[in-house]
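See below for the structure under consideration.
Start at 1 and go down the list; that is how both ligands and their atoms are numbered.
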Amino acid sequence: MRGFLLRCVLLWATLPRSNTQSTVVPATALNCCEGDVLILLDSSGSVTNYEFLRLLQFSTSLLRPFSLGSGHVRVGLLQVGTNPNLEFGLDVHNNQESLHKALQSVRQLQGDTNTEAALRVAQGLLKKTDENVPKVLLWLTDGVQPGDVDSAMGELKAQGVSVLAVSTVHGNYQVLQRAVTPPLESHLYSVDIDNIDIITEDMREAIIKIIRAERLRVVDLTSHSAVLQWRPVLNTDSGYYDISYNSLQKTGPETRRTLSGDSSWVELTNLQPDTTYTAALRPESNQRLYNTLSVNFTTLPDVSGPTLVSVSDTGSHQIRVSWGPLQPAQVQRYTVEYGAFPSGEVHTVTLPGQQNSTLLTGLQPGTQYLVTVCALQRNGKERAMSVRACTQDAALPALTDLQLIPVEHQELQVAWHANQEGLKGYWLSWERENSHSHTSKPSISSVYLPASSSSTRLMHLAPSSRVCVSPVYSSGRGEGLCCTEERHTDWQN
Ligand SMILES: *[C@@H]1O[C@H](CO)[C@@H](O)[C@H](O)[C@H]1NC(C)=O
Ligand SMILES: *[C@@H]1O[C@H](CO)[C@@H](O)[C@H](O)[C@H]1NC(C)=O
């Protein structure tokens, strides 16, 4: 068998080699890729122990350059025997050392080659993983009687899994050919076990092609900006990136920018809210050709909510609160919270998204209120704005009755009635005859009387004196009544 290579390997060797190997497979860990690689290892009795160990060694060296773990390359090992055996799952090993140890300690199952049963397990495993991450099933087999794998392999491929195979014996080539995903020349290798090392790099290259993280990802999105990130494939000297983007509807001109070769992210700004954009990143290198990466994303709806809250119609028991702008498309409903500032009980009213004002009633007079208008957006976000507003002082009750009863010349008995609630006292004012001169103008006198009083006698009134009585409440002076003593005039005439 030594030296027996199928034409696929030979074909590949004659193809002009790109200079990718030096750039793609550096000595250090390959931070190139993100993907799930599930090794389907034939562990049945037809595989010799020597072959089995060589296949494990091959796996070790094939995978050695990769950075392992979530966000990089995840490796699982599923053995084919009479019953499948998951040696380790995809999220077990996140470093080369532990993967290496695990591969060294795998024990051969022997038994039948029940590949189909193992493929069912593989389907379940790969279905559970992130669908955006490329998946590879690497089938290592001696090619002897693998069983009926066609339908299970077909389902895996329909799931988006790339199937690659290495066969160590000139076995059932037709079955293998049907099993792998194209292109055949880089995804199927039949090789003598002693020469398996010669395919390591080609096989790795084929895997890298599938799992290379050539993805432009949107890592942050607002209503007016997006941050795009990619795994760097260039450096400052080897080229630059060209990024272009536009709304999918092409509502504006395309924007283009050039980014230095060492960049790995870009923030696109001045975007329109709630708009789908398409962006394309082209790595420009004089050393090799890179694919243009593209991504579609939709900016978030504009952050909506009241930007203006105002009060009007302020009364002693009510405040009208208005807000704007109205955004019924974005805002599901408003809640208006209000309470006496700073520590009063908070009340809430809920209003539909089309409403832009409400009258808050049942408030305390002369009190400062904190009013918060909160917009609950359809996307679940909330935005609020607060104002402080004062209710007016209570309209103070008027004096209900005022009587002036003449007693003598220049004397009056004044009697009144007032609402007693909260009453502190009364201010009385009248015009008093100026004692120094009959010609000079009368002077105004005033006196404060306690709440218990309801009448008093005024003396030395000026002719036609106007007498006013105002109730005084704790919150201020109420509306008073005034009367003019007319009879005075009669006496003078
Ligand atoms: C972006 O959307 C357009 C139109 O729906 C589609 O043709 C294109 O394939 C999408 N691109 C990506 C990267 O999804
Ligand atoms: C409230 O909406 C009405 C029409 O629905 C509009 O005329 C008015 O200007 C709006 N008020 C505010 C404060 O936006």
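- Nearest protein neighbour of atom 4 (C) of ligand 1, counting heavy atoms only, is Leu248 CD2, 4.0 Å.
- Residues Lys135 and Ser162 have side chains that never bring a donor and an acceptor to within less than 3.5 angstrom of each other.
- Between Glu116 and Arg120, at least one side-chain N (NZ, or NE/NH1/NH2) sits under 4.0 Å from a carboxylate O, which counts as a salt bridge.
- Cation-pi geometry between Arg388 and Tyr369 is not met: the NZ or CZ atom fails to fall both under 6.0 Å from the ring centre and inside 45° of the normal.
- For atom 6 (C) of ligand 1, the closest non-hydrogen atom of the protein is Asn296 ND2, 4.1 Å.
- The presence of a protein heavy atom under 4.0 Å from atom 14 (O) of ligand 1 is confirmed.
- Taking a cut-off of under 4.0 Å to the non-hydrogen atoms of Ser294, the atoms of ligand 1 that pass are 13 (C).
- Classification of Lys157 and Glu155 as a salt-bridged pair fails, no side-chain N sitting under 4.0 Å from a carboxylate O.
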